**Student:** 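Got a structure for you, questions after.
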Amino acid sequence: MTFTAWIKTITFYEILIGMKATMSHMVHYRPVTEQYPHEKRTLPDNYRGMLALLRYDDGTEKCVGCDLCEAACPSRVIRVVSAEVPGEPTKRYSKEYYMDMTRCLFCGLCVDACPVDALGMTREFEWSVYDKRQLHLNKEQLLAIGDRSFPVREKQLELQHPNVAFFNVAFKHLPQKPG
Amino acid sequence: MSAYGADLLALLPELIIAVTACLVIALDPITPASRRDLLAWLSVGSLVICLGITIGQINSVNTRVSAFSELVVVDAYARFWKILLCSVAGLTILTSLPYLKAERIHLGEYYGFILLALSGMMVMVSGVDLLTIYLGTELMSLSLYVMTGLNRSKPRSLEAAAKYFVLGAFSSGILLYGISLLYGLAGSTKLEMIAGAIGTRGADDPLVLIATILVAVGFGFKIAAVPFHMWTPDVYQGAPTSVTAFMAVAAKAASFAAFMRVFVEGLGGLKADWSLLFLLISVVTLVLGNVVAIVQTNIKRMLAYSSIAHAGYALIGFVAAGRGVGLSGGTPGLASIMIYLAIYSFMTLGAFAVIGMLRKGGIEGEEIEDFTGLAKRQPLAAFLMLIFMTSLAGIPPTAGFIGKFYVFMAAVEADLAWLAAIALVFAVVSAYYYMRVVMVMYMRDPSPSSVAPPRLVTSPTLSFVLACAVAGVILFGLFPNPLVSFALQSVLTLK
Amino acid sequence: MTELSLRLAVTFAQILAEMSIVMITVATMTYFERKVLGWMQDRMGPMEVGPYGLLQPVADGIKLFFKEDIVPAGANKAMFALAPMLTMVVSMIGFAVIPFGPNMTLDIFGITIKPFVVADINIGVLYILAIASIGAYGIILGGWASNSKYSLLGGLRAAAQVISYELNVGLALIGVLMLAGTLSLVQITEAQAGGFWHWFIWGGRPDGFFPIHTQIFAFVVFIISAVAETNRIPFDLPEAESELVAGFFTEYSGMRFAFFVSAEYANMTLVSCVAAALFLGGWNAPYPGTIFEYIGLEQLAWVEHIVWFAAKVYFFLFLFIWIRATLPRLRYDQLMRFGWKVMLPIALANIIITSITLYFFPR
Amino acid sequence: MVPLSYYLILSGIVFLTGFVGVLLRRNIIIILLSVELMLNATNINFVAFSQYFHDVAGQVFVFFALTVAAAEVAVGLAIIIALYRAKSAINIDEFQLLKW
Amino acid sequence: MQQVFFFYFALVIAATSVLVVALRNPIYSALALLIMFFHVAGLYVTLHAEFLAAVQIIVYAGAILVLYLFVVMLLNLRQDDRYHRQWPMAGIVGATLVIEAIILTVMKGWTAPVVVTGTEMTVGATTNAGAIGDVLYSTYLFPFEVASLILLVAMIGAIMLAKKDIGEC
Amino acid sequence: MTSSFPWLSLLLVLPLAGAVAVYLATESAARWIALIATLADLLVALPLWWLFDPQAAQMQFTEHVAWITVPPIYYSLGLDGISLPLVLMTVGIMPLCVLASWNAITTSRRGFMAVLLIMETAMVGVFVALDFVLFYVFWEAMLIPMYLLIGVWGGPNRLYAAIKFFLYTLAGSVLLLVAILVLYFYGGHTFDILALSQGTYPASLQTWLFLAFFAAFAVKVPMFPFHTWLPDAHVEAPTAGSVILASILLKMGTYGFLRFSLPMLPDASRAFTPMMVTLSIIAIIYGAYMALAQVDLKKLIAYSSVSHMGFVTLGLFVLNQQGLEGAVLQMVNHGITTGGLFLCVGIIYERTHSRLIADNVGLAAPMPQYATLLVIFALSSLGLPGTNSFVGEFLVLVGTFLWSKVATALASLGIILAATYLLWMIQRVVFGVPSPHHLPKLSDLNQRELATLIPLVVLVFWIGLYPNPLVSRMHQSVTNTIASMSREKVAPTAHPSAGGTTESLLAGSREPLTAQGSSR
């Protein structure tokens, strides 16, 4: 142990350095705290918030009840009950659609998996509730979230094949659709 | 600056011992394990110096010198015990050296504790104030508690320590209560003040008697007199053998020394009462110690009961001292205790040294059966054991006889021939169990089925100790004159 | 008899006043600590309840008061209930001998009292040590009675720690006691009057500035040991969150929890008071006399004294928080080694050196 | 004023209790606590006598008794802990390696 | 007034000392002892031994009893304790000591009241602590040093016994 | 007397030096060194026979050196007519013992020889000590060597026999110590035997002291109720041990009676005479009767010892000149005769490894020399005129006759019985038909064995035919003893502890012993 090290030990030099550091923070007080309820931070562009079901511009549900989202979900949030559209045997739709948001971890895999872009992630995040059963959302609620978060809807094309799952899966990396 | 110069000079031996003890403890961590012997030699060196100083004091200061506001004195009586205790401690250390190594508990602190216990004992023997005596007793006892539990790998050792501790603390509590009552009687803890107070209050004061009994009980535990003996066998058996030797010899001697001083100098006015009390105690001690020793199969346990019995013999001298007529009438009795204990020290130390040598496999062989055929394998060791056993049995021309002779002479002088007769009858009983050891050593052939016959661990230091012990036993048996006259002169300084 | 009852009444009033001062300090401290910690960590601290969160202690108190009182299954109910009270009481009664202000007397209703100290007993320092030493009981008992391994471990650690460091506290004070020659806190403080160089931390002789009897080492030992004895970071092993959840009060909630916490703050305050009184001159200003005296307001000098005392105490309290903000927690063996192998020898050496200097340069 | 004998009776009772406790209890810790009772009884005696004689020596004796008590406890508890490690027994009649 | 205090203290001391022995849970025994220590300290204060009162609490309550509790908890002793089979002996001893107490009560000579001349027993010092300190470092210097050796023994001994691993030779 | 040469000390030191030398020597050299040491001792002792002045009434060859100052104990030695023959017999028997053990002892011969030599010192010391404590020291010092002798080198049941011997003897002798101490305080603070013999003691005290002495000496003799250790010890001991036991150790008891009980406690001795005589006669008849029933040679001789020692005690306690002289003579005779018998048994045991009479029959043909010697010793033992025992027993019976005719008649019965069992033994051992099984082992005596036995045979006939030198040497001492028994009764001394005893204890050391009125 050299002399300086010894001096440093007996004068608690290191500790004093540390205390000086903390003191300097107090003296130059620049809080990084955000007073959250009062002021909210700006969300980043790619923020992944609450999930929602989307509609076409004519108000029809995009979802075709293919169950791919349910299969993709790592947390088993989604439950889909699909059914044929009455009178149109080739068309299917989701008769019931549930999301248990207490389990969702907002990974976005379901959105990726959806062949018809029927799922979207909104920017909503303040979803605290008193009863966690309220976070078990059904189709109507999800659609309502979609309605209020995505006011601009995608247009349903006439020639669009009613079941485009095949194409969309095959050409996943197509350029982004407008809107 | 030199306000205490004279006092310190008077207590130089204690000082040296205590300082060396601290030095040993301080040096222990920085001493490599291979050189721990040096600590032992340091301790022995200090003991030799101390012995020299104490012996030197005999000629220079032959009166009673008080030191430290008359809390301690240096008189011939104290010096007698100091010389004895220092020698015993030195021999114990030398015995311990090979023993501790063989038991794998060779710790430097051990020597420090021996020295600390010794300084406690020296305070005990020179204290003339109950406070000093009590503190000395505690210093000794605490060191011994720790030393008893030193061999922590053996639960037996710890168990012995626990028992010793519990009963030791209990007894010191009783002793302290007695002291507090004496303080209340006399207004001081000085022995002479207490003697004065008893003189004025009279001996029939119930409180005086209660205090005396409590103090006697407290000391009774320390000297292992029946019915306060119950710790002895367990502790002697469980403790490491070298510690047992130290305990059996030095602790007992020091306790007796303080005991005598307290009862003669402080409570001398109650002679008639306490001599009756000790009469009963000594008879019971003799009977129980000797009779129970017969059935023991463990030699340390056997020696423990024998040590109880020997306390009984020494107490006879005390009874005689109490019965003595006139002012100095108790002198032969007291001197006989001193002679007895000095001699007892040598023989017991020797016996324990031999026991400590004995190894059976890696462990200590301490059953009496382990001595089977020792005479064939180790004639010299067996011969030494024979001499020690003979001496313990009190058969001439060994020193044990001289010890018993003086005790019984004191008893007969005090008109207690019947007590001497009883004691002697039980000496025969004791001879039976001592001779059984001899029998096992000499007359029984080792059974061929025994796995590994015990072997002996010897070393030059141990040989030296045995030589000293056997020389003491033989020389004091043949030429007891120096010891006797020293004891007789020393005891006169006891007021 | 009337005088006795009067005296009792006055004493009770004093106790009440003192306790309220302490409780207010404790309440303030809970807020103060969070705030200061926040500032040091570039946060804001409590801000919601009241302006700048000033009513936070009140809110906390109300919350804890109304919280459900849970006794764990298998707990020893009596001991479980006793432990926080014991801790609390012990931490409070120590203040009885602390002189908050100058040693003046006041005659009211025909009896003489000392307004700034409840009991000026002649063994004040010993009293403080005695009280501090039994503070461990509450912790040990609480830990044991909870029937939880975390609590028990916390309690055991607390016991070991308190015993180890209390020794150092006591030994650190001995130098001061030698200098002052008395055990009474009032007299010790009085002995330091007349400027900061007379404070025992410097230990200058009355006739000179040279700090021959300096107790600064003792002071450092005392402060560090005091931090350890009050179980504060970096010595908060008994309640180490990352290892023992919350140590001895893991199982506590509600008012009992509050008792433990406030006892901790009260203890901090107590050791701060002791440090101020023993090392930093207590109520004495760092200059001779008082400003009020110079400007002719002798009767108001006590205000200045009290302000100085409060300033010193709060400095120490701030120091506690500051250290907490800076240092991480020690490991258990480090704690013990530090106490026995570093603090103890320093304290002992200080005693020896002080006695030597006192022998050659008597005060 | 309180007569001295009152103090003596008190200390006698405490001493007696401790004494009986040592003989009666099996738990070694409680036995040691009983020994502490005995020592405290002694201390009461000493202080009372000290006051009676106006002699501070009795209090000094108490001081030493306290010291010794502390030392005894340190050693005793160390023994108990070591023993417990070795044997997990704390009642004295469970010590059976050596006959009691 | 002093008698009131005495009887209060004496009652609590006697009661708690009986509890120490009678209670089955070691923790309760220790706590009863704690209460007793405090009352003994109080008794000391009434006897003008303030220094000892403080030391009593520091040493007994603060150190000794904490150690006991520490060990009780370390060994995790619960109430598995039974009484020893020594009732007869205890009874005899108890009876003896009760007789002692009776003797003490009826004894003459000490029933005279304690004469309190002043507040302190001044032996050249102003306070109780000072008085004790004075004699401790002058008259009782030698026992003081012996006591220091006792503490040394206790310290080293406790370490040696309780240390987990021991350096073998 | 004749010179200041320390004959007796030399007598004591020589064997001790021999013991040390033996211990340091090799196994093979041990027996030679032992033999040399014992012979040297014998050579030292022999001149005393001629140097001894038969007319002198007092102790001769005295040595007087202070040993312990407080209390005054002296290394005080001396010989008179009683102890002279016993000392001579002791030193004479010892070389024979060494020779007898020449080949018999195979294990740790060094130890055996050393023990023998230590025994010799102790035994001689007992006979020459003139200080009571010194006497006691020698007395007790014999115990351990004898214990080892029996226990280590003895027969199959040696452990039992050894411890029995040890405890019996020790138990007897411890009371002796108390008696010695009591005597010290009543007899003027001295341990000097002669001075104590001059003292007078209160009658009640004498009774107690006599009983204490009796316990010690009667066990050693052994007298009738205390004899049970003897057969065991004799049977189990090696030959040398048996010889020492029978020849010397038993004499110590009677020597003790003669030296201490009678002169010091005359009143008690007189009072106890009927008891002692009764016990003696019981011993004579009982011992003889028991001997009749034995099938073991050693046991037979052991019981014959009981019987013969009964004659000695009988002679002692009839308290007249003839009785005492006969007793002393008989002590010597019994030593020689019984020693010879035991040696004979040892010789045959070496050959057949059996002590049973049934195994050793018809030795006359294969071992004529042996048979001759055995017959001589047996005849001596039964008191055939012309052999030594006749003289002694005759004197004893004469003495008894003066005291009581009935007792004489009963004692004579013992002689008749002795003739019965010994002749019966001879008939079987000497004149039978040897079993073919043992016949090849039965070689006659070799030279060493002859050397062992011949000296005893010579003594048998010498004393038997010409006892006068012996009797004349002991006459004066016996007269002294008788005289001291009939000395004037002095008023009982006051209790010794009346004055400051410490002062007297301390002062006693400075006074010369002669001032206390010994006859020196």
Side-chain angles (χ1 to χ4, degrees), chain A residues 1-50 75 101-103 105-106 122-135, chain C residues 32-53 56 214 216-225 227-228 232-235 314-330 334-335 337-338 341-343 345-347 349-350 353:
Chain A
M1 189 190 271
T2 62
F3 182 70
T4 45
W6 184 74
I7 290 288
K8 280 181 179 175
T9 307
I10 66 160
T11 54
F12 299 107
Y13 181 76
E14 286 88 352
I15 291 175
L16 290 177
I17 294 289
M19 291 175 80
K20 189 185 137 209
T22 44
M23 185 51 95
S24 70
H25 275 274
M26 189 174 127
V27 172
H28 310 288
Y29 168 56
R30 278 190 300 275
V32 293
T33 314
E34 292 182 49
Q35 297 293 84
Y36 158 70
H38 309 303
E39 49 181 89
K40 292 181 180 171
R41 56 186 291 195
T42 52
L43 296 176
D45 287 346
N46 53 358
Y47 185 80
R48 295 192 290 208
M50 192 64 188
S75 307
M101 293 311 293
T102 57
R103 290 156 72 170
L105 41 80
F106 304 100
T122 67
R123 296 168 72 84
E124 288 183 20
F125 58 93
E126 289 164 316
W127 265 89
S128 50
V129 290
Y130 283 100
D131 185 350
K132 69 179 181 181
R133 280 170 294 197
Q134 290 173 349
L135 286 173
Chain C
F32 193 51
E33 170 156 36
R34 293 170 67 180
K35 215 60 183 169
V36 171
L37 272 180
W39 292 341
M40 287 186 170
Q41 293 164 358
D42 291 340
R43 295 185 287 109
M44 285 176 168
M47 288 292 281
E48 280 303 302
V49 192
Y52 292 97
Q56 187 67 39
T214 178
I216 187 152
F217 295 107
F219 176 71
V220 171
V221 170
F222 178 83
I223 291 298
I224 291 173
S225 304
V227 171
R232 293 282 304 177
I233 289 174
F235 302 110
Y314 272 87
F315 164 72
F316 281 116
L317 289 173
F318 177 74
L319 190 67
F320 274 100
I321 298 166
W322 190 5
I323 291 172
R324 174 173 177 179
T326 307
L327 294 177
R329 186 182 303 123
L330 267 68
Q334 292 170 332
L335 172 91
R337 190 184 308 139
F338 186 66
K341 288 193 172 173
V342 181
M343 292 289 106
I346 294 175
N350 178 63
I353 291 168

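So that the names make sense, note that chain A is the first sequence line, chain B the second, and so on, each numbered from 1. These figures come from a predicted structure and were not determined experimentally.
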**Student:** Starting at CE of A:Met19, measure out to CG of C:Leu327 and round the result to the nearest 0.5 Å.
**Tutor:** 7.0 Å
**Student:** Should we count CZ of C:Phe217 as having more than 12 external heavy atoms under 6.0 Å?
**Tutor:** no
**Student:** Side chain, backbone, both or neither: which part of C:Val342 has a non-hydrogen atom closer than 4.5 Å to chain A?
**Tutor:** neither
**Student:** State whether the number of non-hydrogen atoms from other residues, nucleotides or ligands found under 6.0 Å of A:Tyr13 atom OH is greater than 12.
**Tutor:** no
**Student:** Of all heavy-atom pairs between C:Met44 and A:Thr33, which one has the smallest distance, and what is that distance?
**Tutor:** N-OG1, 3.3 Å
**Student:** Give the member of A:His38, A:Arg30, A:Met23 that has the highest number of heavy-atom pairs under 4.5 Å with chain C.
**Tutor:** A:Met23
**Student:** If the condition is side-chain contact (heavy atoms from CB on, under 4.5 Å), which residues does A:Glu14 pass it with, not counting sequence neighbours?
**Tutor:** A:Lys8
**Student:** Need one label for C:Ile224: side chain, backbone, both or neither, based on atoms under 4.5 Å from any heavy atom in chain A.
**Tutor:** side chain
**Student:** Quick check on C:Tyr52: does its OH atom have over 12 non-hydrogen neighbours (other residues, nucleotides or ligands) under 6.0 Å away?
**Tutor:** no
**Student:** Sort and list the pairs that fulfil side chain to side chain donor-acceptor pair (under 3.5 Å) and have at least one residue in residues 33-43 of chain C, not counting sequence neighbours.
**Tutor:** A:His25-C:Asp42, C:Glu33-C:Arg232, C:Glu33-C:Tyr265, C:Glu33-C:Arg324, C:Arg34-C:Asp60, C:Gln41-C:Arg43
